[in-house]
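One structure below.
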Amino acid sequence: MHKSMNESRTPEEYLEEIRRAERAKLTVYVGFAAGVGKTYKMLADAHELKSAGVDVVCGYIETHGRERTAAMIGDLEIVPRKKTEYKGVILEELDTEAVILRKPQIALIDELAHTNAPGSKNRKRYEDVEEILSAGINVFSTLNIQHLESINEFVERATGVKVRETVPDRVVRDAELINVDVPVDTLRERLLEGKVYPPERVRQALENFFTEDNLSLLRELSLHEIARDLEARYTRRRENGPRSGEPERVMVALSSKPNATSLLRRGSRVAGRMNTDWYAVYVQTPREAPEKLSATAQRQISENLQFARELGAEVVWLKGRDVVDELVRFAREHNVTYVIMGHPRRTRWEKFWRGDVIDRFIYEVGEGVDVQVVSS
């Protein structure tokens with residue numbers, strides 16, 4: 001899932017939020033496996049924040065030799081690592097004291113579950129992060145879902161792979177979780193292209209941890225944890241009082257693209273847990289007028305909307321020249337506070353000409369609306 005800064009906030013809004021906060025905040029970019037793009041997305045968001053005037057530094061970035069990730073560091077300030085000698089080998093670790101002394105507004109610290117070199121002050125990196133948070137510094141970090149202690153045993157039973165480095169759930173209980181998601185096939189393609197591991201490790205990875213079944217399971221776990229996080233934040237906000245007298249609602253944004261069933265099922269599930277109404281909204285633009293769509297595309301739209309009705313959604317068919325304008329207007333008028341959107345594969349050319357509907361929507365809908373983006 002790729003989206004703009006921190007779910008539903010612009011960099012400027014995030015800057016104002018951390019200025020008002022009483023204590024430092026942990027934000028964790030969560031993925032279901034190595035190679036989905038957690039570090040890359042974290043760095044991309046850091047550049048947005050830096051452009052908005054936020055003081056961001058790289059406390060520890062692990063590129064794993066990936067050229068695109070290394071290039072994304074760009075002009076971000078890097079705090080030098082602490083060097084430790086162990087059995088004649090020089091190991092590099094996060095210099096916690098140096099980060100605290102530098103005192104940025106945000107420190108980027110990769111791999112929350114990492115085990116530090118013997119002799120380090122703290123055994124685990126999450127302990128370093130807790131120390132930095134206690135010093136009043138906000139932290140962005142990364143984590144694969146299988147490293148969460150509460151589901152580690154389940155992952156081992158289901159996949160046959162023992163994940164030895166774990167993070168206690170308490171560490172991320174109050175953190176904001178940002179899901180970084182790609183389709184399983186895309187991740188396996190990246191692996192084959194040598195973008196995740198060196199060539200000599202690819203075959204073993206594909207036959208062991210990176211099987212299609214394993215990755216599908218882990219992806220579903222990751223999406224589930226993010227959904228739980230968003231629902232928990234919704235509950236906390238509701239307990240503090242809704243923004244109006246109306247109940248808060250869920251919206252699933254549909255397009256003419258296929259594979260909307262998973263989005264609709266998720267919308268139904270979330271609305272049920274929240275005990276609230278939900279909408280399935282389709283915006284017909286001039287480009288998607290009936291005479292311009294194929295019979296297959298028209299049938300797909302009809303089937304999506306019928307399935308939404310069967311799941312209990314109120315189906316809404318809007319017409320307008322701009323999808324984002326219509327969705328934002330509807331969300332505001334109907335007190336929608338939880339939105340589920342699909343992220344289809346598109347070429348760079350399509351993105352250039354049409355823009356990114358998801359990023360624009362998140363930017364324009366503003367604070368108070370949680371957005372969950374699911375790759376379709």
Side-chain angles (χ1 to χ4, degrees), residues 1-4 7-8 179-186 219-220 223 226-227 230 249-271 277-334 336-366 369-376:
M1 171 178 67
H2 299 282
K3 46 188 176 169
S4 65
E7 307 291 337
S8 58
N179 192 34
V180 185
D181 182 42
V182 297
V184 168
D185 288 346
T186 300
R219 182 173 184 244
E220 187 61 31
L223 293 172
I226 296 300
L230 290 178
R249 297 184 174 92
V250 176
M251 177 176 80
V252 176
L254 300 176
S255 72
S256 59
K257 303 295 182 183
N259 299 328
T261 54
S262 61
L263 298 182
L264 292 168
R265 287 193 181 102
R266 193 174 299 276
S268 174
R269 193 160 59 243
V270 170
D277 297 327
W278 66 291
Y279 304 101
V281 181
Y282 168 69
V283 180
Q284 183 188 85
T285 63
R287 191 176 62 251
E288 293 191 342
E291 64 272 12
K292 294 184 179 180
L293 287 180
S294 67
T296 301
Q298 292 184 53
R299 184 172 62 253
Q300 184 67 61
I301 295 171
S302 177
E303 290 175 355
N304 287 341
L305 297 180
Q306 179 57 35
F307 186 58
R309 291 187 186 94
E310 292 172 1
L311 291 177
E314 180 177 334
V315 171
V316 180
W317 186 304
L318 303 174
K319 291 186 178 181
R321 299 193 64 83
D322 189 281
V323 171
V324 173
D325 288 347
E326 294 300 321
L327 290 176
V328 169
R329 179 182 60 79
F330 183 87
R332 289 173 176 167
E333 290 178 357
H334 293 81
V336 169
T337 56
Y338 193 117
V339 178
I340 299 171
M341 308 181 82
H343 194 299
R345 294 190 195 183
R346 291 188 300 165
T347 65
R348 291 182 180 179
W349 189 252
E350 286 177 312
K351 289 184 179 180
F352 177 80
W353 283 109
R354 299 182 187 177
D356 194 316
V357 170
I358 294 170
D359 283 350
R360 277 191 56 215
F361 177 82
I362 293 170
Y363 182 88
E364 293 182 21
V365 77
V369 178
D370 291 321
V371 182
Q372 182 179 6
V373 183
V374 180
S375 293
S376 58

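All values below come from the heavy atoms of this structure, side chains included, with hydrogens, waters and symmetry mates left out.
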Looking only at heavy atoms, which two atoms of [X] and [Y] are closest? And how far apart?
X	Y	answer
Ile301	Ser255	CG1-O, 4.5 Å
Glu220	Arg266	OE2-NH2, 4.2 Å
Ala331	Val365	CB-CG2, 4.4 Å
Leu305	Leu254	CD2-CD1, 3.7 Å
Trp278	Leu264	CH2-O, 3.5 Å
Pro286	Gly320	CD-O, 3.5 Å

What is the distance from atom [atom1] of [X] to atom [atom2] of [Y], rounded to the nearest 0.5 Å?
X	Y	atom1	atom2	result
Glu303	Thr261	CD	OG1	10.5 Å
Thr285	Leu318	OG1	CG	12.0 Å
Gln298	Glu288	CD	CD	10.5 Å

With heavy-atom distances below 4.5 Å as the criterion, would you say the side chains of [X] and [Y] are in contact?
X	Y	answer
Val328	Tyr363	no
Asn304	Tyr282	no
Glu314	Asp277	no
Val283	Phe330	no
Gln306	Val315	no

**Message:** Under the rule for side chain to side chain donor-acceptor pair (under 3.5 Å), what residues qualify as partners of Arg329, not counting sequence neighbours?
**Reply:** Glu326, Glu333
**All side chain to side chain donor-acceptor pair (under 3.5 Å) counterparts of Asp322, not counting sequence neighbours** =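 Listed in chain order: Arg360.
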**Complete:** Sorted by chain and residue number, the ring pair (Phe, Tyr, Trp, His ring centres under 6.0 Å) partners of Phe307 (sequence neighbours excluded) come out as none
**Results of side-chain contact (heavy atoms from CB on, under 4.5 Å) for Ser294 - residues two or more places apart only** =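 Thr296, Ala297.
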**Message:** My understanding is that only residues two or more places apart in sequence, or in another chain, count here; which of them pass side-chain contact (heavy atoms from CB on, under 4.5 Å) with Ala253?
**Reply:** Leu327, Met341
